[in-house]
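Read the structure below first, then the notes.
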Protein chains: 2
Amino acid sequence: MRASVPVTMNGLKTACSQCNLVELCLPFGMSDSELHQLDELVGGRRKVKRQQSLYRAGDPFEAIYAIRAGSFKTDVLLEDGRDQVTGFQMTGEILGLDGISTESHSCNAVALEDSEVCVIPYAKLEQLSHEVEGLQHQFHKVMSREIVRDHGVMMLLGSMRAEERLAAFLLNMSQRFTARGFSAAEFHLRMTREEIGSYLGLKLETVSRAFSRFQEEGLIAVQQKHIRLLDTTRLRKLVQHQTAGCGR
Amino acid sequence: MRASVPVTMNGLKTACSQCNLVELCLPFGMSDSELHQLDELVGGRRKVKRQQSLYRAGDPFEAIYAIRAGSFKTDVLLEDGRDQVTGFQMTGEILGLDGISTESHSCNAVALEDSEVCVIPYAKLEQLSHEVEGLQHQFHKVMSREIVRDHGVMMLLGSMRAEERLAAFLLNMSQRFTARGFSAAEFHLRMTREEIGSYLGLKLETVSRAFSRFQEEGLIAVQQKHIRLLDTTRLRKLVQHQTAGCGR
DNA sequence: CCTGCCCGTTGATCCACGTCAACCAAAATA
DNA sequence: TATTTTGGTTGACGTGGATCAACGGGCAGG
């Protein structure tokens with residue numbers, strides 16, 4: 001072991017090569033030597049307290065962010081007050097990609113709990129992409145993944161019914177917790193029913209009712225924000241096919 | 001004028017520097033000298049007949065495509081047959097970005113009319129991005145724009161009512177036709193009511209009724225797929241605020 | 001301990017949109 | 001020309017989820 005292990009404190013230099021989130025984050029799949037070249041990438045860290053914004057719609061775009069700890073939601077809002085949660089982000093995921101197109105952010109990123117991010121100055125990313133074979137490609141993959149994910153949400157919003165949407169949401173969360181080494185069957189949601197509803201295009205009451213219904217049916221066990229998945233097979237069936245019969 | 005102007009035929013080399021869509025397409029904003037470096041970018045052209053696929057979900061990803069002429073829709077489908085149109089694309093717009101993440105396409109791209117695309121081999125794009133200052137950035141912008149667009153659609157699907165969605169759709173089409181030098185107030189839709197409905201998360205009957213209602217109210221004139229916008233101000237108001245009163 | 005606030009649950013009612021069905025026009029085919 | 005097919009419109013009716021409203025539990029602060 002080396003002496004100079006990066007310390008988790010504001011302002012201190014962060015090294016991707018020393019980070020245990022590397023498997024989930026931007027440098028995923030890069031070689032060891034490439035990884036060391038990336039140690040220049042992160043400009044610093046930033047802590048964001050629960051309910052605070054990492055950035056807001058309209059803010060000038062300067063950097064993208066990799067979540068080191070905690071979780072976020074992103075949302076857009078219309079002048080009339082209506083808003084829409086466009087995504088929930090967990091450790092290792094990248095925030096801020098929306099800002100590249102107009103050089104200013106088009107949504108708000110709000111911490112769902114006390115969190116910390118790595119600040120990746122966009123100019124530095126572009127520059128390093130020229131030098132480090134593999135970074136460019138990896139970054140493209142991250143952006144492309146975001147597009148594919150958004151298409152999935154569009155599918156969900158455009159052609160699924162309430163319970164199908166919630167089932168899809170729960171399975172997605174489960175899968176992402178699993179990827180982070182947590183239990184696939186038992187987890188703690190950091191967002192409120194209203195936020196889930198906004199994301200799924202439903203009212204909070206509908207979300208609550210769907211939770212209750214799933215519980216009645218023995219699909220899950222709900223205790224506040226703590227969720228246990230009891231029958232993922234049936235949950236999966238629910239997403240793709242509708243409860244049963246109905247054929248078409 | 002030079003003699004060697006590129007000819008619009010299959011297999012013939014296409015040069016971005018000679019293309020009149022440059023303002024709308026990937027090379028937007030690049031300098032003349034950069035533009036000439038891009039003449040290597042396009043691998044060739046491909047004609048796609050109406051109703052035919054440019055690529056299908058699952059196809060291996062090799063290239064992205066710039067639309068030279070015509071228009072496309074992209075859609076995803078669930079095993080149970082439900083499908084969702086995720087977007088409509090016009091000349092100058094880029095198709096295929098979804099394929100980068102998994103190295104295989106995640107949706108279908110279908111021509112809405114006889115169309116032609118420039119094939120941009122992805123490997124060549126990555127390579128040229130290293131050499132041509134500006135191409136990388138421009139490409140990032142294109143991807144980011146797609147993400148922002150998708151968020152807009154999520155907003156629409158998640159928190160707007162039928163007529164608001166259609167109004168937003170019409171205004172968006174108008175704006176894109178304008179950018180291409182066509183009339184802002186009068187245009188021809190290439191897609192069916194069902195495809196519009198799928199995109200907007202509505203049934204075709206609902207789309208049809210909304211068209212009729214807009215016509216009754218003097219907002220638009222509809223004649224089959226030919227649309228004339230008569231009162232864009234009220235259309236815009238409809239999108240953001242709901243018809244009138246109703247407060248919250 | 002009590003108090004207040006936020007969040008979630010549940011019930012009753014309403015309505016926007018889906019569903020089902022008939023019909024028609026335009027376009028494709030013969 | 002008649003004939004089928006495809007896409008669009010319109011009406012009648014049903015329903016999933018929104019809305020409105022009451023209530024309750026967890027938790028922070030006094």
Side-chain angles (χ1 to χ4, degrees), chain A residues 49-51 73 81-85 112-113 156-167 169 188-217 220-227 238 242-243 245-248, chain B residues 49-51 73 81-85 110 112-114 156-167 169 188-217 220-227 238 242-243 245-248:
Chain A
K49 287 219 161 295
R50 187 175 130 82
Q51 301 281 35
K73 68 169 177 182
R82 283 182 292 187
D83 77 331
Q84 170 81 22
V85 171
L112 295 174
E113 58 193 307
L156 184 146
L157 291 171
S159 50
M160 289 188 178
R161 26 200 38 264
E163 295 190 358
E164 297 171 325
R165 295 183 200 187
L166 188 64
F169 170 74
H188 195 83
L189 298 175
R190 320 298 324 203
M191 66 293 286
T192 66
R193 300 289 191 261
E194 183 166 25
E195 286 164 335
I196 297 172
S198 173
Y199 179 61
L200 299 177
L202 303 169
K203 291 291 146 181
L204 66 94
E205 293 95 327
T206 306
V207 173
S208 181
R209 276 185 248 269
F211 269 123
S212 302
R213 193 136 213 283
F214 284 176
Q215 180 148 260
E216 278 167 33
E217 309 237 325
I220 64 174
V222 188
Q223 201 170 14
Q224 300 286 115
K225 291 179 164 162
H226 192 85
I227 308 288
L238 223 165
Q242 180 115 313
T243 338
C246 169
R248 79 120 330 169
Chain B
K49 286 220 161 295
R50 187 176 130 84
Q51 301 280 34
K73 68 170 177 182
R82 282 181 293 188
D83 78 330
Q84 169 81 23
V85 171
V110 180
L112 295 174
E113 58 193 309
D114 292 359
L156 186 145
L157 291 170
S159 50
M160 288 187 179
R161 26 200 44 263
E163 296 190 359
E164 297 171 325
R165 295 183 202 188
L166 187 64
F169 170 74
H188 194 84
L189 298 176
R190 320 299 321 204
M191 66 294 285
T192 66
R193 301 289 191 261
E194 183 167 24
E195 287 164 334
I196 297 172
S198 173
Y199 180 62
L200 299 178
L202 302 169
K203 292 291 146 180
L204 66 94
E205 294 95 329
T206 306
V207 173
S208 180
R209 276 185 248 270
F211 269 124
S212 303
R213 195 135 212 286
F214 283 177
Q215 179 149 260
E216 279 168 31
E217 309 237 325
I220 64 174
V222 188
Q223 200 171 13
Q224 299 286 113
K225 290 179 165 163
H226 193 85
I227 307 289
L238 223 165
Q242 183 114 311
T243 336
C246 172
R248 58 127 349 126

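Order of the sequence lines fixes the chain letters, A, B, ..., with proteins taken first and strands second; residue numbering starts at 1 for each chain.
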Note: for A/Met160 and A/Gln224 on DNA chain D, the residue whose nearest nucleotide lies more 5' is A/Met160
What residues 197-211 of chain A contributes to the DNA chain D interface at heavy-atom separation below 4.0 Å is A/Gly201, A/Leu202, A/Lys203, A/Glu205, A/Thr206, A/Arg209
Which of A/Lys225, A/Arg190, A/Arg50 passes salt bridge (Lys or Arg N to Asp or Glu O under 4.0 Å) with A/Glu113? Answer is A/Arg190
A/His226 NE2 to D/dG26 C1', in whole Å, measures 16 Å
To the nearest angstrom, the CD-C1' distance between B/Gln215 and D/dT10 comes to 14 Å
Atom CZ of B/Arg161 and atom C1' of D/dG16 are separated, to the nearest Å, by 14 Å
Taking only side-chain N and O atoms of A/Thr192, does any of them lie within less than 4.0 angstrom of OP1 or OP2 on C/dC6?
no
Separation between CG (A/Leu204) and CZ (A/Arg209), nearest 0.5 Å, reads 9.5 Å
The ring pair (Phe, Tyr, Trp, His ring centres under 6.0 Å) partners of B/Tyr199 (sequence neighbours excluded) come to B/Phe88
Please check this pair: side chain of A/Arg165 against backbone of A/Met160, looking for a donor-acceptor N/O pair closer than 3.5 Å. yes
To the nearest angstrom, the CZ-P distance between A/Arg193 and D/dG26 comes to 14 Å
Rounded to whole Å, the CZ-P distance (A/Arg50 to C/dC6) equals 12 Å
- Task: Go through the steps to decide whether A/Leu157 and A/Gln84 satisfy the test side-chain contact (heavy atoms from CB on, under 4.5 Å), and finish with yes or no.
- Result: CA-CA 12 Å; A/Leu157 291 171; A/Gln84 170 81 22; 4.0 Å; yes
Rounded to whole Å, the CG-C1' distance (B/Leu238 to C/dA16) equals 15 Å
Closest of C/dC7, D/dG17, C/dC17 to the A/Lys225 side chain is C/dC7
Separation of D/dG8 atom P from B/Ile220 atom CD1, nearest Å, is 14 Å
Before you tell me yes or no, could you show the steps for A/Val222 and A/Phe214 under side-chain contact (heavy atoms from CB on, under 4.5 Å), namely the whole-Å CA-CA distance, both residues' side-chain angles and the distance that decides it to 0.1 Å? CA-CA 9 Å; A/Val222 188; A/Phe214 284 176; 6.0 Å; no
One should read off an interatomic distance between A/Ser198 OG and A/Lys203 NZ, to the nearest 0.5 angstrom, of 8.5 Å
B/Glu195 CD to D/dG7 P, in whole Å, measures 8 Å
